[in-house]
Amino acid sequence: MEQVHLYKGEVAVMAGTEADHFFLVRHGRLTRVDINDKASDYAENEMLGITNVMRRQAYRHTYVASLTTTLVKLDQSVITTSLDAQSKPFQALFSKIIDQLDGG
């Protein structure tokens, strides 16, 4: 786990890069730059990239800091290690939920 500090206009996630980390927005805001859709903004305490990490796919969109922003960068093992410790029914349910989410 590490903190990433971005100034307004800096890229947090680039479309096409491998999704080996997911992010928690600690402070500030990220905006998806390939469309103009406010629903795709990420603000404090929202997470980005979990579905991409779980599906082992590249990020589909580019996100840029729209304010001075601090992210907590978390390795994919945070999810996989925690998930491995859960029961098989819980793992199956989690997989179904991930399958229904849109990757970022």
Side-chain angles (χ1 to χ4, degrees):
M1 176 175 79
E2 69 179 272
Q3 287 197 21
V4 178
H5 302 285
L6 302 168
Y7 293 104
K8 182 178 179 178
E10 285 189 284
V11 174
V13 173
M14 180 67 73
T17 58
E18 181 184 352
D20 56 357
H21 291 84
F22 63 102
F23 302 90
L24 168 69
V25 179
R26 188 75 163 175
H27 301 287
R29 180 175 294 278
L30 296 177
T31 300
R32 196 163 110 185
V33 296
D34 53 346
I35 64 170
N36 188 13
D37 180 2
K38 293 297 180 187
S40 64
D41 284 1
Y42 288 80
E44 290 181 16
N45 299 317
E46 292 184 301
M47 301 187 91
L48 168 70
I50 292 176
T51 54
N52 306 93
V53 167
M54 294 304 298
R55 292 178 182 163
R56 299 177 188 261
Q57 64 184 193
Y59 299 109
R60 291 184 9 214
H61 306 286
T62 298
Y63 290 87
V64 172
S66 52
L67 307 167
T68 299
T69 300
T70 301
L71 304 175
V72 177
K73 182 177 179 180
L74 299 151
D75 188 71
Q76 65 185 8
S77 66
V78 171
I79 296 174
T80 55
T81 302
S82 298
L83 194 56
D84 288 344
Q86 301 302 315
S87 67
K88 294 295 180 193
F90 180 86
Q91 290 177 14
L93 174 63
F94 189 81
S95 291
K96 285 183 180 181
I97 291 169
I98 291 298
D99 288 343
Q100 294 178 11
L101 297 174
D102 181 35

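These numbers come from the heavy atoms of this one structure, side chains and all, not from hydrogens, waters or symmetry mates.
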Gap separating the [atom1] atom of [X] from the [atom2] atom of [Y], nearest 0.5 angstrom:
X	Y	atom1	atom2	result
Ser66	Glu10	OG	CD	12.5 Å
Met47	Ile79	CE	CD1	7.0 Å
His61	Leu30	NE2	CG	13.5 Å
His5	His27	NE2	NE2	9.0 Å
Gln76	Asn52	CD	CG	11.5 Å

Nearest non-hydrogen partners of Gly49 and Tyr59, listed with the distance |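 Minimum heavy-atom separation between Gly49 and Tyr59: CA-CE2, 4.1 Å.
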So Thr62 and Met14, side-chain contact (heavy atoms from CB on, under 4.5 Å) or not? Walk me through it.
-> CA-CA 4 Å; Thr62 298; Met14 180 67 73; 3.6 Å; yes
Could you tell me whether the side chain of Thr70 and the main chain of Arg26 form a donor-acceptor pair under 3.5 Å?
->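 Side chain of Thr70 to backbone of Arg26: no pair is present.
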Does Gln57 use its side chain to pair, donor to acceptor, with the backbone of Ala19 at less than 3.5 Å?
->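 No, because the side chain of Gln57 does not come within donor-acceptor range (under 3.5 Å) of the backbone of Ala19.
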Carefully, step by step, assess Val25 and Tyr63 under the rule side-chain contact (heavy atoms from CB on, under 4.5 Å).
-> CA-CA 12 Å; Val25 179; Tyr63 290 87; over 6 Å; no
Just do the side-chain contact (heavy atoms from CB on, under 4.5 Å) check on Leu83 and Phe90 with the steps written out, would you?
-> CA-CA 8 Å; Leu83 194 56; Phe90 180 86; 3.9 Å; yes
Hydrophobic cluster identity match, Leu67 and Leu24, side-chain contacts under 4.5 Å =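 No: no chain of side-chain contacts under 4.5 Å links Leu67 to Leu24.
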Do Val64 and Thr31 come close enough that some side-chain heavy atom pair is under 4.5 Å?
->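 Contact flag for Val64/Thr31 side chains = no.
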Are Val4 and Glu2 side-chain neighbours, meaning at least one heavy-atom pair lies under 4.5 Å?
->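 Counting from C-beta outward, Val4 and Glu2 do come under 4.5 Å.
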Phe22 and its side chain to side chain contact (heavy atoms under 4.5 Å, CB included) partner, picked from Ile50, Leu48, Val72 =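 It is Ile50; the other options fail the test.
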